[in-house]
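In this text the structure is predicted, and so the values were computed from the model without any measurement. Letters go in sequence order (proteins before strands), and every chain restarts at 1.
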Protein chains: 2
Amino acid sequence: METKYNIVKQAIMSKILDGTFRPHQKIYSESELMKQFEVSRHTVRVAIGELVTQGWLYREQGAGTFCVDRSIDEVSTNVSNQKNIAIITTSISDYIFPSIIRGAESYLSQYGYHVSLFSTNNNHDSEQRALKKILTQRFDGVIIEPTKSALFNPNINYYLNLERQNIPYIMINAFYDELDPLSITMDDEKGGYVQTEHLIELGHTNIIGFFKTDDIQGNKRMKGFLKAHREHGITFDPNNIVTYCSEEKATKPVEILRDKLTIDGDVPTAIVCYNDELAIRLLDVIREKNLQVPEDISIVGFDDSFMANVTEVKLTTIQHPKSKMGESAAKMILDIIKVVTSSHKKARDTGASSVIDPELIIRDSTKQYL
Amino acid sequence: METKYNIVKQAIMSKILDGTFRPHQKIYSESELMKQFEVSRHTVRVAIGELVTQGWLYREQGAGTFCVDRSIDEVSTNVSNQKNIAIITTSISDYIFPSIIRGAESYLSQYGYHVSLFSTNNNHDSEQRALKKILTQRFDGVIIEPTKSALFNPNINYYLNLERQNIPYIMINAFYDELDPLSITMDDEKGGYVQTEHLIELGHTNIIGFFKTDDIQGNKRMKGFLKAHREHGITFDPNNIVTYCSEEKATKPVEILRDKLTIDGDVPTAIVCYNDELAIRLLDVIREKNLQVPEDISIVGFDDSFMANVTEVKLTTIQHPKSKMGESAAKMILDIIKVVTSSHKKARDTGASSVIDPELIIRDSTKQYL
DNA sequence: TCCGATTTGTTCGTATGTATG
DNA sequence: GCATACATACGAACAAATCGG
């Protein structure tokens, strides 16, 4: 054990243990150690190298060799720095999510990263379970679609813990306001505005809007819906805004529309939907009432999911970049990881969030009001 | 990443993962590696050094460098006994795969397992990459849909290595014959038989069949197609069987059908398709030739994917359990894991493979031949 | 038991590349 | 732009352990 590199190693070790080298403090440079111990550079590097793999030191090219902060950082960092990215979405196999995931997966796998999927089913408990997994295992980064982004989030601590452990994350589709994270989102307010304006320009004035309000998207789209009315000088019945939450999506909107279409007198001539999924559901109600789309009622969806093209009536809807968004999210998270790992910077200071401009796709479900 | 020592490192890693270097087996000496890669001894030592600290190799002075036995490894089993299941499929976001994955994911997450997805895009290289990842990280079990199951599989070594490392796996939809693994598959021969018999019973005698033959499913369905003809005493033109491989799926079948429909005289009156995806493609050709389905031509799909219900003509097709299959696969793998971990048995001796009986779903794309 | 060939372990010297401040 | 510090790579030498004959 009296090899030269071992002597150097033990000497450095002592200084770490007795507190001469504090966490994140720079230790002697390689050339200094060469002089001190009268050994070659190679010997110094072997000594330092072992301390690095044992998790006592870290090196930064051009800057120096530093002491690791063992207080926060247990074994975890070392064990499996194996290029893992986690993706948390509300669903993994329905609606637009397969496309988003495909976009991300194909980009990430190009760079040797591998993807773990978690779905929350729009449920905070599942979200918590996913976050726990991610914190205990080792992930290099996380792409998150927030669950019920409009409500208070009981898992906020877990997100803060991600930051504390220096695991970068970004949010897609929406984000928790309290966290103010890097994100890729739609301009949902403008989306709702565009949906509504399209109908107004077609001459509709009695428009009913259905919005899911437990996520940010729904709230913003509703805001856009109101704004379009206001800016075009159209007054409207407050009853013409229907809000619902995830759990009610299969029941409440359907029942309310059924009622609205039953009362004669004040039947709406157009419908703005939170998304395509709801639009499809409401189409069933319209059919059940023997009304025709778009002849009797116009309807606008959101997201341009495959559903929009499945039905007899192809839906007018708002474009969602889906696989492109997945790819952008993947790119963004890899960029952050690069910066964070190479320079011990904090994730927040890298790059900027992006907001996607919504575009209307006009198909057959909307028509001039006569 | 293209440093010389990294190239050497990856090369050695490959040989460990594909089973060239078995546990406790001596790997090439440093001087051999110097010759092989034309690098200095220093470079070789750096490469080996990293693999040693990562726990893949150990060195013995005077004797050589040896491969670590990961199957009984206390540390690794311990560190991430984290309930991870990997799913490898040919695609993760198209066709019937989202449904299969959803079925598996929802079952596995109930039991606290978490799912990592890999897609091979029907490509052996990607399959290899996925298997390497799975062998490198620590997974409790793997659900695999084989890539090009009818062809010789160049990754057979990686599967054998899974067994050596005691990581249980099962295969779905098809399996590599050489491995004879536990599996959940369709009775594809019967499926092809049922497709064809349905048409024969409707009076069709000039039936053309399109089969993807780089996977087992296609070959078996073709076998069923032939058997139905034989058993019903119908002779047929060998030209009425069209085979294609994954890469040709968007071109060859389309071109051939176009030719067939152009020559008058011998136009087929019915089509048996490898799957719904192909059926949809062929519907386009039929439409292009101004023919009607089912009036002029009957067509049968396979898998009952969402596509079967999307088109103007709803497809007659064969049922595929999809999410049910995912769930069964998940259940099967968890059962195996339970047995393997509790009793140190080998995976092979647990439970039995299951074969699903195909059922015909009759919709609007087939009609009595007059 | 010793010898010699082989193999890994330690140490030196040198050179060039690349990131940091 | 420049000095500093780490990263990669080559060459050479001797030491120490192993293994077959």
Spacing of [X] atom [atom1] relative to [N] atom [atom2], expressed in whole Å:
| X | N | atom1 | atom2 | answer |
| --- | --- | --- | --- | --- |
| A:Glu38 | C:dT11 | CD | P | 15 Å |
| B:Glu50 | D:dT8 | CD | P | 8 Å |
| B:Lys4 | D:dA7 | NZ | P | 19 Å |
| B:Tyr58 | C:dT7 | OH | P | 16 Å |
| B:Glu2 | D:dA7 | CD | P | 16 Å |
| A:His42 | C:dG13 | NE2 | C1' | 11 Å |
| A:Asn6 | C:dT11 | CG | C1' | 14 Å |
| B:Phe66 | C:dT7 | CZ | P | 11 Å |

Got [X] and [Y] here, is their nearest side-chain heavy-atom distance under 4.5 Å?
| X | Y | value |
| --- | --- | --- |
| A:Asn173 | A:Gln217 | yes |
| B:Val44 | B:Val39 | yes |
| A:Cys67 | A:Trp56 | no |

Q: Mind checking side-chain contact (heavy atoms from CB on, under 4.5 Å) for A:Asp177 and listing every partner two or more places apart, or none if nothing turns up?
A: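 Expected list: A:Phe175.
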(Q) Applying ring-ring contact (aromatic ring centres under 6.0 Å, His included) to A:Tyr28 and A:Phe21, what does each step give before you reach the verdict? (A) CA-CA 10 Å; A:Tyr28 306 132; A:Phe21 298 141; 5.4 Å; yes
Q.
Please list, in numerical order, the residues of residues 26-34 of chain B that have a heavy atom closer than 4.0 Å to any atom of DNA chain D.
A.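 Within this stretch, nothing sits under 4.0 Å of the strand.
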**Q.** Partners meeting salt bridge (charged side-chain N to carboxylate O under 4.0 Å, His left out) with B:Arg129 (sequence neighbours left out)
**A.** none
Q. Under the salt bridge (charged side-chain N to carboxylate O under 4.0 Å, His left out) test, which residues partner B:Arg59, sequence neighbours left out?
A. none
Q.
Between A:Lys190 and A:Asp357 (salt bridge meaning N to carboxylate O under 4.0 Å), is one present in this structure?
A.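 Looking at A:Lys190 and A:Asp357, the cut-off is met.
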Q. Is the closest basic N to carboxylate O distance between B:Lys148 and B:Glu247 below 4.0 Å?
A.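 Salt bridge: yes.
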Q: Assign B:Val39 to base, sugar-phosphate, or nothing according to its heavy-atom contacts below 4.0 angstrom with the strands shown.
A: sugar-phosphate
Answer yes or no: does a side-chain N or O of [X] lie under 4.0 Å from OP1 or OP2 of [N]?
| X | N | answer |
| --- | --- | --- |
| A:Arg45 | D:dC6 | no |
| B:Thr3 | D:dA7 | no |
| B:Thr43 | D:dC10 | yes |

Q | Under 4.0 Å protein heavy-atom contacts per nucleotide of nucleotides 12-21 of chain D, with B for base, S for backbone only and - for none | A | -B--BBB---
Q) For the helix from C:dC2-D:dG21 to C:dG21-D:dC2, how many degrees between its two end axes (five pairs per end), to the nearest 10°? A) 20°
Enclosure of [X] [atom1] (heavy-atom neighbours >12, cutoff 6.0 Å):
| X | atom1 | value |
| --- | --- | --- |
| A:Lys26 | NZ | yes |
| A:Glu359 | CD | no |
| B:Lys9 | NZ | yes |

